[in-house]
2 protein chains.
Amino acid sequence: MGYSRQREMLLSVLKDTRSHPTANWIYEEMRKRDPKISLGTVYRNLALLTESGVILRIDTEHDSVHYDGFTHPHYHFVCNGCGEVSDLSIDPIGIEAEVERETGGSVAGHTLVFYGKCKNCK
Amino acid sequence: MGYSRQREMLLSVLKDTRSHPTANWIYEEMRKRDPKISLGTVYRNLALLTESGVILRIDTEHDSVHYDGFTHPHYHFVCNGCGEVSDLSIDPIGIEAEVERETGGSVAGHTLVFYGKCKNCK
DNA sequence: ATAAATTTAGTAATCGTTACTGATTATCTC
DNA sequence: GAGATAATCAGTAACGATTACTAAATTTAT
């Protein structure tokens, strides 16, 4: 996978924030640097980078998908009030082997999401 | 919350399967029993039952939301090949208190989803 | 430098989900 | 039980996130 100017820009935007943005937020941010950027380009590159493990995708019970440029294994907390997604420093759990044993399949990864009210919304 | 005929039917459909169906699958199943059922009714009741904790909603990296009539705390495995969602018998992890301490918020629940290839797709 | 392959901007289409409305059904009070 | 009140429904339109498409531009390989 080569790195086009737009793909580089997307990565740089994503690495520069810890806010776990949505595709649309990233799009708006990229438009500030280059107003001709296309929303389709954002989605296509988000999919590519997710597939190759360069970035993380976070699915929650709320509206649209969030992305994370911080790939070191970690978990997330989602506020049911304001929808904000934040990182946790909980230690990764090591039970993928157990899941493989139980399912007979192969495990590539896992996601752990906590829901509740953040300090502000509580 | 009263239980209308349609809501009862939805619950019965969901309790009768362990397949973690999507809204549309449930809709088709209910249509077999009552062809006049409305898709809006399915979605409205899924939202109501999820909010009140009678059923579970499962968000994955694949297409649409899945639902689970089995509410005893448990985790899920999602196959990246066929998209099938299956139950795991892993013991629930008890770290919500730790998350509350770290975030300063309140935790209402958590979801743990493993991704990989199932026995068939591997 | 030229040819081949990839990526893009822009736009149209898709699909899951939600919102709306007037009709129907359930519940509540007498 | 009859009538009033509230909840729920079927049907359909609207919405918003995401994907698909196409011709032009850019990158990469020769």
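A, B, ... follow the sequence lines: proteins, then strands. Residue 1 opens every chain.
For A:V65, the side-chain atoms get nearest to D:dT18 when compared with the rest of C:dA9, D:dC9, D:dT18. Here the side chain of A:Y43 is nearest to one of D:dT19, D:dA10, C:dT7, namely D:dT19. Distances were taken from every side-chain heavy atom of A:K36 (C-beta onward) to each of C:dA9, D:dT8, C:dG16; the shortest belongs to C:dA9. Picking from D:dA17, C:dT7, C:dA9 the nucleotide with the shortest atom distance to the side chain of A:S64 gives D:dA17. Nearest to the side chain of A:S38, among C:dG10, C:dT17, D:dA10, sits C:dG10.
The residue among A:G40 and B:R57 whose nearest nucleotide of DNA chain C is located toward the 5' end is A:G40. Positionally, the nearest nucleotide of DNA chain D for B:P35 lies more toward the 5' end than for the other of B:P35 and A:T22.
Following rounding to the nearest Å, A:N24 (CG) and D:dG16 (P) show an atom-to-atom distance of 11 Å. What separates CD of A:E8 from C1' of D:dT27 is a distance of 13 Å, to the nearest Å. Atom-to-atom, CG of A:D63 to P of D:dC15 comes out at 18 Å; the value is rounded to the nearest Å. Across the protein-nucleic acid pair, B:E61 atom CD and D:dT19 atom P stand 12 Å apart, rounded to whole Å. Between the CZ atom of B:R7 and the P atom of C:dT25 there is a distance of 16 Å, given to the nearest Å. Between the CZ atom of A:R5 and the C1' atom of C:dA9 there is a distance of 11 Å, given to the nearest Å. Rounded to an integer number of Å, the gap from A:D34 CG to C:dT7 P is 18 Å. Spacing between atom CG of A:L39 and atom P of C:dT11 amounts to 12 Å, rounded to whole angstrom units.
Across all strands, B:R44 comes closer than 4.0 Å to base atoms (heavy-atom distances). Within 4.0 Å (heavy atoms only), B:N45 reaches sugar-phosphate atoms of the nucleic acid but no base atom.
Open room surrounds NZ on B:K119; 12 or fewer heavy atoms of other groups in view lie less than 6.0 Å from it.
Using cut-offs of 30° and 60° on the angle between ring planes, the pair A:H76 and A:H20 is perpendicular.
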Test log, rule side chain to side chain contact (heavy atoms under 4.5 Å, CB included), inputs B:M30 and B:V42:
CA-CA 9 Å; B:M30 290 175 76; B:V42 175; 4.0 Å; yes
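In this structure, A:S4 does not reach the D:dT27 phosphate: none of its side-chain N or O atoms is under 4.0 Å from OP1 or OP2. Within the structure, every side-chain polar atom (N or O) of A:Q6 is placed at least 4.0 Å from both OP1 and OP2 of D:dT26.
In this structure, B:D34 pairs ionically with B:R5, as a charged nitrogen and a carboxylate oxygen lie closer than 4.0 Å.
Looking at B:L14 and B:I55, their side chains come closer than 4.5 Å, going by heavy atoms from C-beta outward.
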